[in-house]
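One structure is given here, and the rest of the page talks about it.
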Amino acid sequence: MAKLLASFLDRTEFPALVDDDGETSWAAFNERTNRLIDHLRAAGVQPGERIALLAGNRREVFEVLMAVAHAGILVVPINWHFAPDEVAYVVENSDSKLLIVDPDYAAAARDCHVPQLAFGEGGTYEAALAAASGDEPASQMMGGVMFYTSGTTGRPKGVRSSTDFAAGVPPEVYQLMAAGMVNIGFPAMGRTLLCGPHYHSAQWAFSFFPLIGGSSVVLQKRFVPEQTLKLIDQHAITNIHLVPTQFVRLLRVDDVRKAGFDGSSLSLVLHGAAPCSPVVKRQMIEWWGP
């Protein structure tokens with residue numbers, strides 16, 4: 001089994017992952033993670049090497065994140081707004097050995113000259129998992145994420161810092177990092193809503209670390225404020241990370257829908273990326289509570 005998932009295999013009250021297309025149980029999440037690790041190793045991806053990921057917010061993204069976390073590999077999440085030449089640049093610059101692609105963004109990957117796996121029913125990703133072993137992977141070691149900057153000051157640049165791990169570090173180190181989330185108010189075994197792009201470091205940290213701590217993750221494909229409110233109540237979301245622009249858009253939801261929002265499951269709302277004006281913060285507190 002994947003070591004970071006060992007404690008949750010029998011958990012059934014909430015699935016591990018939920019998106020618009022369905023849900024993944026903790027046991028299935030573990031098996032699919034194991035299969036992806038086996039495939040990456042069979043494909044020759046070595047510890048310390050990179051793979052690239054061009055995808056929207058979907059459950060399979062966390063399979064990739066969890067697999068590299070156990071295989072000593074770095075994944076490079078690519079901004080889904082990038083043009084084909086920008087995607088090709090990141091793949092080449094990062095020396096990624098393969099690219100995993102969401103069909104929604106396949107056209108942007110047309111200039112990439114590395115092996116590709118395609119998400120989706122009937123795609124090569126599912127075929128690869130089906131042909132791989134679901135047994136517990138040997139020699140599990142910590143891997144992570146290498147983010148690229150947005151490219152506003154020239155070509156995007158890869159950032160290697162806390163994700164640049166020494167070879168052989170056990171994946172359980174992630175559990176120590178995830179435990180620190182409790183100190184800032186993350187509930188144990190909660191339910192996280194990811195409503196921002198997974199390729200941003202904050203959205204990764206504030207969804208992946210709670211997942212390691214046993215929290216379910218609900219993925220919203222794109223931020224639509226009315227749908228965000230619905231998902232919070234539908235899935236009893238306990239924690240969410242937002243940016244100030246999302247607060248503003250939530251405040252602009254019509255009064256009828258705002259009045260129908262309960263939100264009592266929420267215990268932690270984080271914001272970042274830019275300062276939040278005192279007026280917006282006060283209005284959100286008046287609506288959602290302190």
Side-chain angles (χ1 to χ4, degrees), residues 1-18 23-38 40-41 47-48 50-51 53 59-75 77 134-147 159-194 198-219 237-241 267-268 270 272:
M1 66 191 70
K3 292 182 178 179
L4 297 177
L5 295 173
S7 301
F8 312 123
L9 298 187
D10 295 330
R11 190 178 179 204
T12 57
E13 67 271 32
F14 286 99
L17 304 167
V18 180
E23 59 185 46
T24 303
S25 70
W26 290 93
F29 185 26
N30 172 70
E31 181 179 350
R32 289 173 65 85
T33 296
N34 293 346
R35 289 180 179 276
L36 182 54
I37 294 170
D38 186 62
L40 292 174
R41 288 175 170 175
R50 273 77 59 202
I51 64 172
L53 173 65
R59 285 172 289 156
E60 295 94 331
V61 164
F62 282 86
E63 296 170 2
V64 177
L65 293 174
M66 193 62 73
V68 300
H70 290 82
I73 297 168
L74 293 176
V75 62
D135 295 341
E136 178 175 358
S139 304
Q140 296 180 37
M141 66 184 74
M142 188 177 187
V145 184
M146 185 169 77
F147 295 100
V159 180
R160 299 186 64 170
S161 55
S162 60
T163 58
D164 190 7
F165 303 115
V169 174
E172 287 92 339
V173 171
Y174 269 126
Q175 292 174 328
L176 300 176
M177 300 165 73
M181 290 289 188
V182 177
N183 295 330
I184 59 173
F186 276 87
M189 309 288 269
R191 288 164 299 282
T192 300
L193 177 60
L194 175 63
H198 69 84
Y199 56 75
H200 285 314
S201 58
Q203 278 76 7
W204 166 75
F206 295 128
S207 57
F208 186 63
F209 285 120
L211 180 67
I212 291 172
S215 289
S216 302
V217 176
V218 177
L219 296 94
I237 296 299
T238 59
N239 48 277
I240 186 172
H241 178 276
S267 61
L268 179 66
L270 296 167

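Positions are given from 1, in the same order as the sequence printed here.
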Practice task
Could you tell me the separation between the CD1 atom of I212 and the NZ atom of K3, rounded to the nearest 0.5 Å?
Solution key: 14.5 Å
Handout entry: Any side-chain heavy-atom pair of P187 and N239 under 4.5 Å
Key = yes
Exercise for the section: Test Y199 against F147 for side chain to side chain contact (heavy atoms under 4.5 Å, CB included), laying out the working first. Expected result: CA-CA 7 Å; Y199 56 75; F147 295 100; 5.5 Å; no
Completion exercise
In short, R59 meets T24 closest at the heavy-atom pair NH1-OG1, 3.1 Å
Problem - Interatomic distance, I240 atom CD1 to S207 atom OG [nearest 0.5 angstrom] - result: 11.5 Å
Practice task
State, yes or no, whether a side-chain contact exists between M177 and V173 at a heavy-atom distance under 4.5 Å.
Solution key: yes
Problem - Point-to-point distance, once rounded to the nearest 0.5 Å, from CG of D135 to CD of E31 - result: 9.0 Å
Exercise for the section: Apply side chain to side chain contact (heavy atoms under 4.5 Å, CB included) to the pair I51 and V64, showing each step before the final yes or no. Expected result: CA-CA 10 Å; I51 64 172; V64 177; 4.1 Å; yes
Fill in the blank from the handout: What one should report as the nearest heavy-atom pair of G190 and S215 is N-OG, 2.9 Å
Exercise for the section: Would you indicate whether the side-chain heavy atoms of P47 and M141 approach each other to under 4.5 Å? Expected result: yes
Problem - Backbone N/O of R191 and side chain of S216: donor-acceptor pair under 3.5 Å - result: no
Completion exercise
Scanning both residues in full, the closest heavy-atom pair of E60 with R32 reads CG-NH2, 4.1 Å
Exercise for the section: Please examine the side chains of F186 and L270, heavy atoms only from C-beta on, and report whether any two atoms are closer than 4.5 Å. Expected result: yes
Handout entry: Inter-residue atom distance N34.CG - M66.CE, 0.5 Å rounding
Key = 11.0 Å
Problem - Value rounded to 0.5 Å, distance of OG1 in T33 from CG in L5 - result: 5.5 Å
Handout entry: Non-hydrogen atoms of H198 and Q203 that approach each other most closely
Key = CA-CB, 4.4 Å
Practice task
Anything under 30° is parallel, anything over 60° is perpendicular, the rest tilted; go ahead and classify Y174 against F209.
Solution key: tilted
Practice task
Could you tell me whether the side chain of E63 and the main chain of L36 form a donor-acceptor pair under 3.5 Å?
Solution key: no
Completion exercise
Of all heavy-atom pairs linking T192 and F206, the shortest is CG2-O, 3.6 Å
Practice task
Looking only at non-hydrogen atoms, find the nearest pair between V68 and V75 and report the distance.
Solution key: CG2-CG1, 3.9 Å
Handout entry: F29 side, atom CZ; L9 side, atom CG - distance, nearest 0.5 Å
Key = 11.0 Å
Practice task
Flag the pair M189 / F14 as yes when at least one side-chain heavy-atom distance between them is below 4.5 Å, and no otherwise.
Solution key: no
Handout entry: Contact check, side chains of V145 and F208, non-hydrogen atoms, under 4.5 Å
Key = no
